[in-house]
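First listed ligand is number 1; within each ligand, the first listed atom is number 1.
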Amino acid sequence: MGLARHALVTGGGRGIGAAIAAALVAAGHRVTITGRDAARLTSVAEVLGENCQALGMDVTERTSVDAALALARQRFGAIGILVNNAGQAASAPFMKTDAAVLQDMLAVNLGGVFNCTQSVLPDMMAANWGRIVNVASTAGLRGYAYVSAYSAAKHGVIGLTRSLALELASKGITVNAVCPGYTETDIVKEAIANIMAKTARSETQARAELAKSNPQGRLVQAEEVADGVLWLASEGAISITGQAIAVAGGEVM
Ligand code: NDP
(Lines give C-alpha, C1' and ligand atoms only; values in the text may rest on other atoms or scores of the structure.)
Protein backbone atom coordinates (compact mmCIF):
# COMPACT_ATOMS: atom_id res chain seq x y z
CA MET A 1 0.00 0.00 0.00
CA GLY A 2 1.13 3.57 -0.71
CA LEU A 3 1.08 6.51 1.69
CA ALA A 4 -2.17 7.31 3.47
CA ARG A 5 -3.58 10.53 2.00
CA HIS A 6 -6.48 12.86 2.65
CA ALA A 7 -9.04 12.16 -0.08
CA LEU A 8 -12.06 14.34 -0.84
CA VAL A 9 -15.06 12.70 -2.49
CA THR A 10 -17.84 15.05 -3.59
CA GLY A 11 -21.33 13.55 -3.55
CA GLY A 12 -20.04 10.83 -1.23
CA GLY A 13 -23.35 10.25 0.56
CA ARG A 14 -24.80 7.74 -1.86
CA GLY A 15 -24.38 5.84 -5.10
CA ILE A 16 -21.01 5.83 -6.82
CA GLY A 17 -19.53 8.41 -4.44
CA ALA A 18 -20.34 6.33 -1.35
CA ALA A 19 -18.72 3.28 -2.97
CA ILE A 20 -15.61 5.33 -3.82
CA ALA A 21 -15.39 6.63 -0.24
CA ALA A 22 -15.64 3.08 1.12
CA ALA A 23 -12.88 1.87 -1.23
CA LEU A 24 -10.56 4.75 -0.28
CA VAL A 25 -11.10 4.20 3.46
CA ALA A 26 -10.45 0.46 2.98
CA ALA A 27 -7.19 1.38 1.21
CA GLY A 28 -6.10 3.27 4.35
CA HIS A 29 -6.83 6.86 3.34
CA ARG A 30 -8.54 9.58 5.41
CA VAL A 31 -11.67 10.50 3.51
CA THR A 32 -13.91 13.56 3.56
CA ILE A 33 -17.29 13.08 1.93
CA THR A 34 -19.37 16.09 0.94
CA GLY A 35 -22.84 16.87 -0.38
CA ARG A 36 -25.98 18.85 0.44
CA ASP A 37 -27.84 16.14 2.38
CA ALA A 38 -26.12 16.31 5.79
CA ALA A 39 -28.11 13.52 7.45
CA ARG A 40 -27.30 11.01 4.75
CA LEU A 41 -23.61 11.97 4.69
CA THR A 42 -23.34 11.58 8.45
CA SER A 43 -24.84 8.11 8.39
CA VAL A 44 -22.38 6.99 5.68
CA ALA A 45 -19.44 8.48 7.61
CA GLU A 46 -20.53 6.68 10.79
CA VAL A 47 -20.45 3.35 8.99
CA LEU A 48 -17.01 4.07 7.48
CA GLY A 49 -15.53 4.94 10.88
CA GLU A 50 -12.97 7.39 12.25
CA ASN A 51 -11.11 7.80 8.96
CA CYS A 52 -14.16 9.33 7.33
CA GLN A 53 -15.73 12.74 8.00
CA ALA A 54 -18.88 14.26 6.48
CA LEU A 55 -19.24 17.94 5.56
CA GLY A 56 -22.06 19.89 3.94
CA MET A 57 -21.07 21.54 0.67
CA ASP A 58 -22.75 22.61 -2.57
CA VAL A 59 -20.29 22.18 -5.45
CA THR A 60 -22.00 24.91 -7.47
CA GLU A 61 -21.01 27.58 -4.94
CA ARG A 62 -17.34 28.42 -4.62
CA THR A 63 -17.77 30.02 -1.19
CA SER A 64 -19.47 26.85 0.10
CA VAL A 65 -16.64 24.74 -1.36
CA ASP A 66 -13.87 26.89 0.15
CA ALA A 67 -15.53 26.93 3.58
CA ALA A 68 -16.06 23.16 3.65
CA LEU A 69 -12.52 22.40 2.48
CA ALA A 70 -11.04 24.66 5.16
CA LEU A 71 -12.91 22.57 7.75
CA ALA A 72 -11.92 19.33 6.06
CA ARG A 73 -8.22 20.21 6.28
CA GLN A 74 -8.48 21.06 9.99
CA ARG A 75 -9.06 17.40 10.84
CA PHE A 76 -7.39 15.45 8.03
CA GLY A 77 -4.70 17.85 6.68
CA ALA A 78 -3.89 18.88 3.11
CA ILE A 79 -5.86 17.16 0.37
CA GLY A 80 -3.92 14.79 -1.90
CA ILE A 81 -6.72 12.99 -3.72
CA LEU A 82 -9.76 14.74 -5.20
CA VAL A 83 -12.64 12.73 -6.61
CA ASN A 84 -15.09 15.03 -8.38
CA ASN A 85 -18.11 12.75 -8.31
CA ALA A 86 -21.11 15.01 -7.53
CA GLY A 87 -23.45 15.23 -10.48
CA GLN A 88 -27.02 15.32 -11.66
CA ALA A 89 -28.66 14.05 -14.84
CA ALA A 90 -31.68 15.77 -16.36
CA SER A 91 -33.35 14.11 -19.32
CA ALA A 92 -35.69 15.72 -21.86
CA PRO A 93 -35.95 16.11 -25.61
CA PHE A 94 -33.73 18.98 -26.79
CA MET A 95 -36.64 21.33 -27.59
CA LYS A 96 -38.05 20.79 -24.11
CA THR A 97 -34.69 21.52 -22.49
CA ASP A 98 -34.91 25.13 -21.41
CA ALA A 99 -31.93 27.38 -20.75
CA ALA A 100 -32.29 26.93 -16.98
CA VAL A 101 -31.83 23.17 -17.31
CA LEU A 102 -28.71 23.70 -19.41
CA GLN A 103 -27.34 26.13 -16.80
CA ASP A 104 -28.10 23.68 -13.98
CA MET A 105 -26.40 20.79 -15.77
CA LEU A 106 -23.34 22.91 -16.51
CA ALA A 107 -23.23 24.34 -12.98
CA VAL A 108 -23.28 21.04 -11.12
CA ASN A 109 -21.49 18.68 -13.52
CA LEU A 110 -18.85 21.02 -14.97
CA GLY A 111 -18.83 24.05 -12.68
CA GLY A 112 -18.63 21.70 -9.68
CA VAL A 113 -15.46 20.09 -11.04
CA PHE A 114 -14.03 23.54 -11.77
CA ASN A 115 -14.79 24.93 -8.28
CA CYS A 116 -13.53 21.95 -6.30
CA THR A 117 -10.40 21.54 -8.41
CA GLN A 118 -9.46 25.21 -8.04
CA SER A 119 -10.05 25.03 -4.31
CA VAL A 120 -7.94 21.88 -3.82
CA LEU A 121 -5.07 22.49 -6.25
CA PRO A 122 -2.94 24.72 -3.99
CA ASP A 123 -2.57 21.74 -1.59
CA MET A 124 -1.37 19.49 -4.40
CA MET A 125 0.97 22.10 -5.88
CA ALA A 126 2.58 22.62 -2.47
CA ALA A 127 3.08 18.84 -2.06
CA ASN A 128 4.17 18.24 -5.65
CA TRP A 129 1.79 15.31 -5.57
CA GLY A 130 -1.87 14.89 -6.39
CA ARG A 131 -4.49 12.69 -7.97
CA ILE A 132 -7.62 14.20 -9.46
CA VAL A 133 -10.27 11.80 -10.72
CA ASN A 134 -13.39 13.18 -12.35
CA VAL A 135 -16.44 10.95 -12.53
CA ALA A 136 -17.68 11.87 -16.01
CA SER A 137 -19.83 9.41 -18.00
CA THR A 138 -19.96 7.55 -21.28
CA ALA A 139 -22.17 10.57 -22.08
CA GLY A 140 -18.91 12.56 -22.00
CA LEU A 141 -17.50 10.40 -24.78
CA ARG A 142 -20.48 9.87 -27.09
CA GLY A 143 -23.96 11.26 -27.58
CA TYR A 144 -27.25 9.87 -26.26
CA ALA A 145 -30.71 11.08 -27.27
CA TYR A 146 -32.70 13.10 -24.69
CA VAL A 147 -29.79 14.09 -22.44
CA SER A 148 -28.19 16.85 -24.55
CA ALA A 149 -27.54 19.25 -21.63
CA TYR A 150 -26.07 16.52 -19.41
CA SER A 151 -23.98 15.15 -22.26
CA ALA A 152 -22.70 18.63 -23.14
CA ALA A 153 -21.63 19.15 -19.51
CA LYS A 154 -19.92 15.75 -19.30
CA HIS A 155 -18.09 16.36 -22.60
CA GLY A 156 -16.92 19.57 -20.95
CA VAL A 157 -15.57 17.57 -18.00
CA ILE A 158 -13.49 15.47 -20.40
CA GLY A 159 -12.10 18.59 -22.07
CA LEU A 160 -11.19 20.10 -18.71
CA THR A 161 -9.56 16.80 -17.66
CA ARG A 162 -7.35 16.63 -20.74
CA SER A 163 -6.27 20.28 -20.66
CA LEU A 164 -5.57 20.34 -16.93
CA ALA A 165 -3.60 17.09 -17.19
CA LEU A 166 -1.18 18.84 -19.58
CA GLU A 167 -0.98 21.94 -17.40
CA LEU A 168 -0.05 19.85 -14.34
CA ALA A 169 2.04 17.17 -16.04
CA SER A 170 5.32 18.40 -14.57
CA LYS A 171 3.93 18.91 -11.05
CA GLY A 172 3.46 15.31 -9.89
CA ILE A 173 -0.31 15.69 -10.28
CA THR A 174 -2.42 13.50 -12.54
CA VAL A 175 -5.90 14.33 -13.83
CA ASN A 176 -8.12 11.60 -15.23
CA ALA A 177 -11.76 10.78 -15.77
CA VAL A 178 -13.72 7.58 -15.31
CA CYS A 179 -16.71 7.24 -17.58
CA PRO A 180 -19.31 4.86 -16.20
CA GLY A 181 -22.08 3.42 -18.33
CA TYR A 182 -25.49 2.94 -16.68
CA THR A 183 -24.67 2.20 -13.06
CA GLU A 184 -27.12 0.86 -10.50
CA THR A 185 -27.77 4.00 -8.37
CA ASP A 186 -30.55 6.54 -7.74
CA ILE A 187 -29.78 8.20 -11.11
CA VAL A 188 -30.65 4.94 -12.88
CA LYS A 189 -33.71 4.40 -10.66
CA GLU A 190 -34.93 7.81 -11.84
CA ALA A 191 -34.19 6.92 -15.48
CA ILE A 192 -36.20 3.70 -15.07
CA ALA A 193 -39.11 5.61 -13.50
CA ASN A 194 -38.92 8.11 -16.37
CA ILE A 195 -39.05 5.37 -19.02
CA MET A 196 -42.00 3.74 -17.20
CA ALA A 197 -43.86 7.07 -16.99
CA LYS A 198 -43.27 8.04 -20.63
CA THR A 199 -43.74 4.62 -22.27
CA ALA A 200 -45.90 1.60 -21.52
CA ARG A 201 -42.89 -0.40 -20.30
CA SER A 202 -42.76 -2.31 -17.01
CA GLU A 203 -39.86 -1.89 -14.57
CA THR A 204 -38.21 -5.09 -15.83
CA GLN A 205 -38.53 -3.92 -19.42
CA ALA A 206 -37.17 -0.47 -18.57
CA ARG A 207 -34.17 -1.99 -16.75
CA ALA A 208 -33.53 -4.32 -19.67
CA GLU A 209 -33.68 -1.33 -22.03
CA LEU A 210 -30.86 0.38 -20.11
CA ALA A 211 -28.80 -2.80 -19.67
CA LYS A 212 -29.06 -3.41 -23.43
CA SER A 213 -26.69 -0.53 -24.17
CA ASN A 214 -23.94 -2.41 -22.28
CA PRO A 215 -22.43 -5.24 -24.41
CA GLN A 216 -22.19 -7.30 -21.21
CA GLY A 217 -25.98 -6.95 -20.90
CA ARG A 218 -25.88 -5.72 -17.30
CA LEU A 219 -25.87 -2.53 -15.27
CA VAL A 220 -22.46 -1.48 -13.95
CA GLN A 221 -22.12 -1.71 -10.14
CA ALA A 222 -20.92 1.31 -8.13
CA GLU A 223 -18.08 -0.78 -6.61
CA GLU A 224 -16.72 -1.45 -10.10
CA VAL A 225 -16.44 2.29 -10.76
CA ALA A 226 -14.79 2.69 -7.34
CA ASP A 227 -12.13 0.10 -8.27
CA GLY A 228 -11.16 2.19 -11.30
CA VAL A 229 -10.97 5.36 -9.21
CA LEU A 230 -8.83 3.62 -6.58
CA TRP A 231 -6.33 2.59 -9.22
CA LEU A 232 -6.13 6.09 -10.75
CA ALA A 233 -5.60 7.49 -7.23
CA SER A 234 -2.74 5.10 -6.49
CA GLU A 235 0.99 5.88 -6.39
CA GLY A 236 1.63 3.51 -9.29
CA ALA A 237 -0.71 5.34 -11.66
CA ILE A 238 1.70 8.30 -12.03
CA SER A 239 2.06 7.74 -15.80
CA ILE A 240 -1.69 7.70 -16.39
CA THR A 241 -2.91 11.25 -17.00
CA GLY A 242 -5.39 12.99 -19.26
CA GLN A 243 -7.26 9.74 -19.79
CA ALA A 244 -10.99 9.11 -19.93
CA ILE A 245 -11.50 5.50 -18.98
CA ALA A 246 -14.85 3.92 -19.76
CA VAL A 247 -16.26 1.58 -17.10
CA ALA A 248 -19.07 0.35 -19.28
CA GLY A 249 -18.68 -3.28 -20.33
CA GLY A 250 -17.29 -2.35 -23.74
CA GLU A 251 -20.03 0.13 -24.68
CA VAL A 252 -17.45 2.72 -25.74
CA MET A 253 -14.09 1.93 -27.29
P1 NDP B 1 -26.65 9.81 -7.24
O2 NDP B 1 -27.82 10.63 -7.70
O3 NDP B 1 -26.88 8.56 -6.49
O4 NDP B 1 -25.64 10.72 -6.41
C5 NDP B 1 -25.31 12.00 -6.83
C6 NDP B 1 -24.45 12.64 -5.76
O7 NDP B 1 -24.11 13.97 -6.17
C8 NDP B 1 -25.19 12.73 -4.44
O9 NDP B 1 -24.33 12.30 -3.41
C10 NDP B 1 -25.50 14.21 -4.31
O11 NDP B 1 -25.41 14.60 -2.94
C12 NDP B 1 -24.37 14.85 -5.10
N13 NDP B 1 -24.74 16.16 -5.61
C14 NDP B 1 -25.65 16.45 -6.56
N15 NDP B 1 -25.73 17.77 -6.73
C16 NDP B 1 -24.85 18.34 -5.86
C17 NDP B 1 -24.47 19.67 -5.55
N18 NDP B 1 -25.00 20.72 -6.17
N19 NDP B 1 -23.51 19.85 -4.61
C20 NDP B 1 -22.97 18.82 -3.97
N21 NDP B 1 -23.27 17.55 -4.21
C22 NDP B 1 -24.22 17.30 -5.14
O23 NDP B 1 -25.81 9.57 -8.57
P24 NDP B 1 -24.66 8.52 -8.97
O25 NDP B 1 -23.97 7.97 -7.80
O26 NDP B 1 -25.26 7.63 -9.96
O27 NDP B 1 -23.72 9.54 -9.77
C28 NDP B 1 -22.45 9.93 -9.34
C29 NDP B 1 -21.71 10.50 -10.55
O30 NDP B 1 -21.62 9.49 -11.55
C31 NDP B 1 -22.41 11.69 -11.21
O32 NDP B 1 -21.47 12.64 -11.61
C33 NDP B 1 -23.07 11.05 -12.42
O34 NDP B 1 -23.27 11.98 -13.47
C35 NDP B 1 -22.05 9.98 -12.79
N36 NDP B 1 -22.57 8.91 -13.60
C37 NDP B 1 -23.59 8.08 -13.15
C38 NDP B 1 -24.06 7.08 -13.96
C39 NDP B 1 -25.18 6.17 -13.54
O40 NDP B 1 -25.70 5.45 -14.41
N41 NDP B 1 -25.56 6.11 -12.29
C42 NDP B 1 -23.49 6.84 -15.30
C43 NDP B 1 -22.44 7.74 -15.65
C44 NDP B 1 -22.01 8.72 -14.83
P45 NDP B 1 -26.50 15.53 -2.22
O46 NDP B 1 -27.85 15.15 -2.74
O47 NDP B 1 -26.27 15.24 -0.76
O48 NDP B 1 -26.11 16.91 -2.58
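Close to ligand 1: Gly181, with a non-hydrogen atom less than 4.0 angstrom away. Using a 4.0 Å cutoff on heavy atoms, Ala136 counts as a contact of ligand 1. Using a non-hydrogen distance threshold of 4.0 Å, Arg40 does not register as a contact of ligand 1. At least one heavy atom of Lys154 sits less than 4.0 Å from an atom of ligand 1.
For atom 5 (C) of ligand 1, the nearest non-hydrogen atom of the protein is Gly87 O, 3.6 Å. In this structure, the protein non-hydrogen atom closest to atom 43 (C) of ligand 1 is Pro180 O, 3.2 Å. Protein heavy atom closest to atom 27 (O) of ligand 1, with residue, atom name and distance, is Ile187 CD1, 3.7 Å. Of the protein's non-hydrogen atoms, Val59 N, 3.0 Å is the one closest to atom 19 (N) of ligand 1. The single protein non-hydrogen atom nearest to atom 34 (O) of ligand 1 is Tyr150 OH, 2.6 Å, given as residue, atom name and distance. If you check which protein heavy atom lies closest to atom 2 (O) of ligand 1, you get Arg14 NH1, 2.8 Å. Closest to atom 15 (N) of ligand 1 among all protein heavy atoms lies Gln88 NE2, 2.8 Å. Of all protein heavy atoms, the one closest to atom 20 (C) of ligand 1 is Met57 O, 3.4 Å.
By the 3.5 Å distance cut-off applied to N or O atoms, Gly11 is counted among the residues near ligand 1. Of the N or O atoms in Arg36, one or more lie within a sub-3.5 Å distance of an N or O in ligand 1. Considering backbone and side-chain N/O of Ser137, none are found under 3.5 Å from N/O of ligand 1. For the pair Thr185 and ligand 1, the shortest N or O to N or O distance falls below 3.5 Å. Ligand 1 has an N or O atom lying under 3.5 Å from an N or O atom of Asp37, backbone or side chain.
Nearest residue to atom 31 (C) of ligand 1 from Val135, Asn85, Thr34 is Asn85 (criterion: closest heavy atom). Checking Ala86, Ala68, Ala38, Gly12 against atom 21 (N) of ligand 1, the nearest heavy atom belongs to Ala86. Of the candidates Asp58, Asp186, Val157, Leu41, Asp58 brings a heavy atom nearest to atom 18 (N) of ligand 1.
When heavy-atom distances to ligand 1 are checked against a 4.0 Å cut-off, Ile16 comes that close through both its backbone and its side chain. With a 4.0 Å cut-off on non-hydrogen atoms, Glu184 does not touch ligand 1 at all. Of all the heavy atoms of Thr183, the ones lying under 4.0 Å from any atom of ligand 1 are found in both the backbone and the side chain.
Proximity of a side-chain donor or acceptor of Asn109 to a complementary backbone N or O of Gln88 within less than 3.5 Å is detected.
Pairing each heavy atom of Leu232 with each of Ala237, the nearest pair is O-CB, 3.8 Å.
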(message) Checking Leu3 against Glu235 for the side-chain contact (heavy atoms from CB on, under 4.5 Å) test, could you report, in this order, the C-alpha distance in whole Å, the side-chain angles of both residues, the deciding distance, and whether it holds?
(response) CA-CA 8 Å; Leu3 284 176; Glu235 308 288 330; 4.1 Å; yes
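A salt bridge is absent between Arg36 and Glu61: the closest approach of a Lys/Arg side-chain nitrogen to an acidic carboxylate oxygen does not fall below 4.0 angstrom.
Pairs passing the salt bridge (Lys or Arg N to Asp or Glu O under 4.0 Å) check and including a residue from residues 90-115, sequence neighbours excluded, do not occur.
Evaluation of the ring pair (Phe, Tyr, Trp, His ring centres under 6.0 Å) rule for Phe114 yields no partner, not counting sequence neighbours.
For ligand 1 and Gly35, the ligand atoms under 4.0 Å from any heavy atom of the residue are 21 (N), 47 (O), 48 (O).
For Ser91 and Tyr144, the side-chain atoms include no donor-acceptor pair closer than 3.5 Å.
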